[in-house]
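Below is one structure; the comments refer to it alone.
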Amino acid sequence: MTDYKDTLNLPRTRFPMRGNLAKREPEMLKRWEQQDIYGQIRAAAKGRPRFVLHDGPPYANGDIHLGHALNQVLKDIIVKSRTLDGYDAPYVPGWDCHGLPIEHQVERRLGKQGNGLDAREFRAACREFAGEQVNRQRVDRKRLGAIGDWDRPYLTMDRRYEAEQLRAFARLLKRDLVFRGYKPVHWCLNCQSALAEAEVEYRDKRSYAVDVRFAVVDRSALGKALGVAVPDCPASIPIWTTTSWTLPGNRAVALNAALQYVLVETDFGAGRECLLVAEDMLESVANRYGMEERSVVGAAPGAAFERLELRHPFFDRVVPVVLGDHVTTEAGTGAVHTAPGHGHEDFAMGVEYDLPLDCPVDGDGRYLPATALFAGQHIDDAGRGIFETLRERGALLHSERVDHSYPHCWRHRTPVIFRATPQWFIGMDQGELRAEALEQITRVEWTPDWGEERIRGMIRDRPDWCISRQRTWGVPIPLFVHRESGEMHPDSAELALQVADVVEQHGIDAWFDPSLGEVLGDDAELYEPVTDVMDVWLDSGFSHHVVGTLWDEVSMPVDLYLEGSDQHRGWFQSSLLTSVGMYRRAPYKGVLTHGFTVDEQGRKMSKSLGNVIEPKQVYRTLGADILRLWVAATDYRSEMSVSREILTRVSDAYRRMRNTQRFLLGNLHGFDPGRHQVLDERMVALDRWALERARELQVEVVRAYERYEFHHIYHKVHNFCVVDMGGFYLDVLKDRLYTTPAEGVPRRSAQTAMYHIAEAMVRWLAPILSFTAEEIWQELPGERGDSVLLSTWHEIPEPDDYGDAAGGAESAEVDWPAILRVRQQVTVRLEALRAEGIIGSPLDANVMIECADSLAATLKRLGEELRFVFITSDAKVRSMTGTPPPPPPPRSLDSDAAAGTMWGVGIEIVPSPHEKCVRCWHKRVDVGQHAEHPELCGRCVSNVEGLGETRIYA
RNA sequence: GCCCCAGUAGCUCAGUCGGUAGAGCGGCGGGUUUAUACCCCGUGAUGCGCCAGAUAAGCGGCAGGUCGCCGGUUCGAAUCCGGCCUGGGGUACCA
């Protein structure tokens, strides 16, 4: 018996089955670095249309977490797919480097400034710390496989960045968008600084709510407003507040002009008295105070009480009744304690009624020395004292604990206070900034589309932007104010430009250098520099300008911003406002957002739940490509689930794609696309079909990349690998690849198709499975560049029409879908026989198909080659014109198998009576007819020592 | 509190105009082997009961009829409308 194994063309490849990504990926990174992949791509893409995705800078503190990784991978997929799409798509990564969290880290290391550390040294330490963080994060971001200009990122602490930021700020000054205001802002006692809206988060807090009497000064005035006589007893308006510490700042009581108020006479333990409350609140107020009996004396709308005089509960102060729409009947009494220094609405009331703007609390949270009764006390401790004082003065109606949502510092997680202090603002309305921003929003493409509504609402309703911070580590606000009046210098914009030049040369420390006064010239005596620094949202908010100005390859406005959906209030907004302020247009043409990562049950990741997955943990075990594939597989528009099971499923899919490519590579062994391609009329029909399928899929893949629908790509490509390739095409191809002559047309035709499929697929995968695609790229035959990323989508050729060999043009079209349907039925029937032990492998079987003329014609067209499609030893077709469909096969009455039989198609399968060819395993009548090869079938004889068989269809 | 998003099989996702609920993966059972990480077949969305010491599997049967839940519109709803639940996010003038 001869061993014919050597005469077969079995697959051969160096491309391993296992990815071993944790080990191989770092090697690939090194390779990319050595070949300067990013520089090469830029050179290759030069002159193409540009597509700029502008990086939102992560904050340079701490290691990246899964959310960062997800964001990075999405950006990278987009940059790479646009590159393959024929764009010049640069990517300049950035980092946000100033700000409080870094100051805290430095304080933890070195202690607060003042303790032997001056501001200049402190800033130097912050700079060093941020630099370390950038380096750490850079390693992790690169490890994910993201390509970009990692050696030349933008850092908001770079001198040139800081200088350009100051120039950008000068443009806002020129438009008069910046002003100094004295108004309440969120103030964090731990930060010792004002906070922006975006630095505040709402959390539950337990407070003591008190109801307080504000005595009416003049009963007759009250009676007049009501149009009735007021009984001869004390009258007051009760208010309800959860922040009793703001009572020292009280300057008014607000009613709603349109609400109906009633004066009730009652006695619940403090003697007979009259209380004025909103009619709608009377019931709940009565319950709260324990009023058992009451009588309504009179009623009038809130408007009637405007400017009615009330006595402050513990200060010798008369405060007016004011009217405001913010007063509702959701809680309280319908009368609102108003302290203009401690709230937005209160401040607005103060402006309208010209109330004194008191803020008796300092930056530490202590009452100022001039505050009667409470001077020097901390607001957290004063609650008791205020409570006692109210009780002593008979002003306390009720007190209770309440749990309510309250603003907290998002860094410290501690409650913030509202505190009026002099701050710098970007005005939303004085320069039409709000209106222009709202208009620009409509010109941007928001994905998902609800993003537009979200940001519109936020811009519409937001207060002026408080941009000053009383901190050390940040870009100075480059303003000089008059030493006496506090007014800005009239040439502020021009001066800021000069400051920018100085900072560019000497760094931001120059701002605090006494020599800075030189830029003022003769005014140096009259003006002094502001010591506040800018809100860091302004740093990153200006990045569109800075990066657009300093990087040649980035043009403004950019095509896309891509961040988590929380950035509608953060970076999307700060960028929009600065850009509209400077250029009167949005900085981006499109904004794409993604959701947050959650666990399999949809719960957010938290240490206490133990469901946190770290990017490091994934790429050090499974590999970055698995993480990338997870990103691609998941619909990122809503929350994205990760868990070990999900990653396991993703790994399975990875293996499938990898091994499909491996099979292609293994069978392309010995194939030189420059010499061996068969794309003329000799190309086998099945191979034409495969190319056609790949072409169709490529259209879908490219379109999905365009629309950022990566999860569709994952599913479609995976399905292609499983169903079209593994489940059909490649399975059928094995016989032809392995048994026909290596150099013959049948095998070369298959290799041609496989070659183009591999070329196309490696590019489909490249934006997602970047490491693996590069590995495949190196194994593909033919001339090629250093990297798959230097190419564009593969053009899948259309072969020439069939020649006469196929029997003329009428046979050009093969109805593959119909054949596949029949094939499906054949496999079901084969399985049934196998279950009965009649056959083992499909190659033990001969198939006879009986069906109507048209289908029979389709099948008969394949002639002898039909058996290869079924992978059986023989397949014949009989047409049954005019005869009814045969009854279900008598054998195997298993209902499923019977039901699985196509209507009108009879399938008869019998075991082949012939000998098995030891080489191709088909059982054929001609086995043993050749003296020299007694164990082979006829076509194997011809394949081994003749010219080889001919294949036209399969 | 208000607003937005999501909820379809164990997992990831499709589901067009309102017309019989799908794919791939995974699991389980079986087969095959010239890709043993390949391929082929079967098995899937509610509840209950029988067999059994019990669990799983299996077997046979009953009632059913499915898209987070409830209701509505409709001849007909995963799809349209209303309400609710769960999760995620946003937002706030919560005094």
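Numbered from 1 within each chain, the chains take letters A, B, ... in sequence-line order.
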- With sugar-phosphate meaning primed atoms plus P, OP1 and OP2, does A:Arg919 contact a base, only sugar-phosphate, or nothing at under 4.0 Å between heavy atoms? base
- Item | Closest listed nucleotide, where the reference is the side chain of A:Val723 and the choices are B:rU12, B:rA37, B:rG24 | B:rG24
- Query: Is a donor on one side and an acceptor on the other found under 3.5 Å between the side chain of A:Tyr261 and the backbone of A:Asn256?
  - Reply: yes
- Base, sugar-phosphate, or nothing: which does A:Leu737 touch, judged by heavy atoms less than 4.0 Å apart? nothing
- Quote, to the nearest angstrom, the P distance that separates B:rA45 from B:rC17. 29 Å
- Between B:rC11 (C1') and A:His715 (NE2): distance, integer Å: 9 Å
- For B:rG19 and B:rA77, measure between their P atoms and round to the nearest Å. 11 Å
- So which nucleotide from B:rC25, B:rG90, B:rC13 ends up closest to the side chain of A:Arg454? B:rG90
- Task: Would you please indicate if the ring centroids of A:His342 and A:Trp245 are separated by under 6.0 Å?
- Result: yes
- Item | Distance in angstrom units between A:Tyr714 OH and B:rC11 P, rounded | 14 Å
- Within this structure, what is the CG-to-C1' distance between A:Leu664 and B:rC38, rounded to whole angstrom? 13 Å
- Donor-acceptor pair present, A:Glu831 side chain and B:rG30 base, under 3.5 Å: yes
- Task: Look at the side chain of A:Trp450 and decide which nucleotide, out of B:rA14, B:rC4, B:rG88, has an atom nearest to it.
- Result: B:rC4
- Go ahead and name the base partner of B:rG19; Watson-Crick or wobble counts if both distances stay under 3.5 Å, otherwise write none. B:rC75
- Item | Spacing between A:Met458 atom CE and B:rC4 atom P, to the nearest angstrom | 14 Å
- Message: Rounded to whole Å, how long is the line connecting atom CZ of A:Phe572 with atom P of B:rU91?
- Response: 13 Å
- Among B:rG90, B:rA23, B:rG26, find the nucleotide with the atom closest to the side chain of A:Asn719. B:rA23
- Rounded to whole Å, CD1 of A:Ile713 lies from P of B:rA14 at a distance of 13 Å
- Please state the C1' separation for the pair B:rC80 and B:rG18 - nearest whole angstrom. 8 Å
- Message: With a 4.0 Å limit, can you tell me whether A:Ser638 has a side-chain N or O closer than that to the phosphate oxygens OP1/OP2 of B:rG88?
- Response: no
- Work out which heavy atom in A:Thr872 is nearest to a heavy atom in A:Ala845; give both atom names and the distance. CB-O, 3.6 Å
- With a 3.5 angstrom cut-off on both distances, give the Watson-Crick or G-U wobble partner of B:rC69, or none if there isn't one. B:rG83
- Query: Base, sugar-phosphate, or nothing for A:Asp635, non-hydrogen atoms under 4.0 angstrom?
  - Reply: sugar-phosphate
- Considering only atom P, compute the distance from B:rG47 to B:rC67 and round it to an integer number of Å. 13 Å
- Item | A:Tyr654 and A:Thr772: side chain donor to acceptor below 3.5 Å | yes
- Query: How is A:Gln824 classified with respect to the nucleic acid when contacts are heavy atoms under 4.0 Å: base, sugar-phosphate, or nothing?
  - Reply: sugar-phosphate
- Message: Counting the atoms with a prime plus P, OP1 and OP2 as sugar-phosphate, which does A:Ile646 contact under 4.0 Å by heavy atoms, base, sugar-phosphate, or nothing?
- Response: sugar-phosphate
- Any side-chain N or O of A:Arg569 under 4.0 Å from OP1/OP2 of B:rU91? yes
- Does B:rG1 pair with anything, Watson-Crick or G-U wobble, both distances under 3.5 Å, and if so, with which nucleotide? B:rU91
- Task: Could you tell me whether the phosphate oxygens of B:rA14, OP1 or OP2, come under 4.0 Å of any side-chain nitrogen or oxygen in A:His711?
- Result: yes
- So which of A:Thr597, A:Asp599, A:Val618 actually passes side chain to side chain contact (heavy atoms under 4.5 Å, CB included) with A:Ile613? A:Val618
- Message: Heavy atoms only, 4.0 Å cut-off, all strands: where does A:Ser641 land among base, sugar-phosphate and nothing?
- Response: sugar-phosphate
- Query: For atom C1', what is the distance between B:rA35 and B:rC59, given to the nearest Å?
  - Reply: 39 Å
- Note on the structure: By nearest-heavy-atom nucleotide on RNA chain B, the more 5' of A:His922 and A:Val722 is A:Val722
- Please state whether the rings of A:His568 and A:Trp446 are parallel, tilted or perpendicular, taking 30° and 60° as the class boundaries. tilted
- Want to settle it: does A:Asp346 or A:Asp735 sit nearer the 5' end of RNA chain B, counting the closest nucleotide to each? A:Asp735
- Query: With both distances under 3.5 Å as the test, what is the Watson-Crick or G-U wobble partner of B:rG24?
  - Reply: B:rC11
- Message: Once you apply a heavy-atom cut-off of 4.0 Å, does A:Gly457 come out as touching a base, just sugar-phosphate, or nothing?
- Response: nothing
- Looking for any heavy atom pair under 4.0 Å, which part of the strands does A:His568 touch: base, sugar-phosphate only, or nothing? nothing
- Expressed in angstrom and rounded to an integer, what is the separation of A:Arg460 atom CZ from B:rC93 atom P? 14 Å
- Message: So, does A:Lys604 get its side chain near the phosphate of B:rG87, meaning an N or O under 4.0 Å from OP1 or OP2?
- Response: no
- Query: If you look at every strand shown and take non-hydrogen atoms under 4.0 Å, does A:Ala633 touch a base, only sugar-phosphate, or nothing?
  - Reply: sugar-phosphate
- Task: Indicate, with a heavy-atom threshold strictly under 4.0 Å, whether A:Lys734 touches base, sugar-phosphate, or nothing.
- Result: base
- Nucleotide B:rG26, atom P - distance to CG of A:Leu647 in whole Å: 16 Å
- Message: With rounding to the closest Å, how many angstrom separate the P atoms on B:rU8 and B:rU73?
- Response: 27 Å
- What integer number of Å spans the C1' atoms of B:rA78 and B:rG7? 12 Å
- A:Arg834 has its side chain closest, among B:rG87, B:rG31, B:rU33, to B:rG31
- Message: Between A:His712 and A:Arg707, is there a side-chain donor-acceptor contact under 3.5 Å, judged purely by atom types and distance?
- Response: no
- Message: If I pick the P atom on B:rG82 and the same atom on B:rA6, what distance separates them, to the nearest angstrom?
- Response: 15 Å
- Note on the structure: The side chain to side chain donor-acceptor pair (under 3.5 Å) partners of A:Asn250 (sequence neighbours excluded) come to A:His337
- Between B:rA35, B:rC13, B:rA37, which nucleotide has the shortest distance from any of its atoms to the side chain of A:Tyr738? B:rA35
- Partner set under salt bridge (charged side-chain N to carboxylate O under 4.0 Å, His left out) for A:Arg655, not counting sequence neighbours: A:Asp652
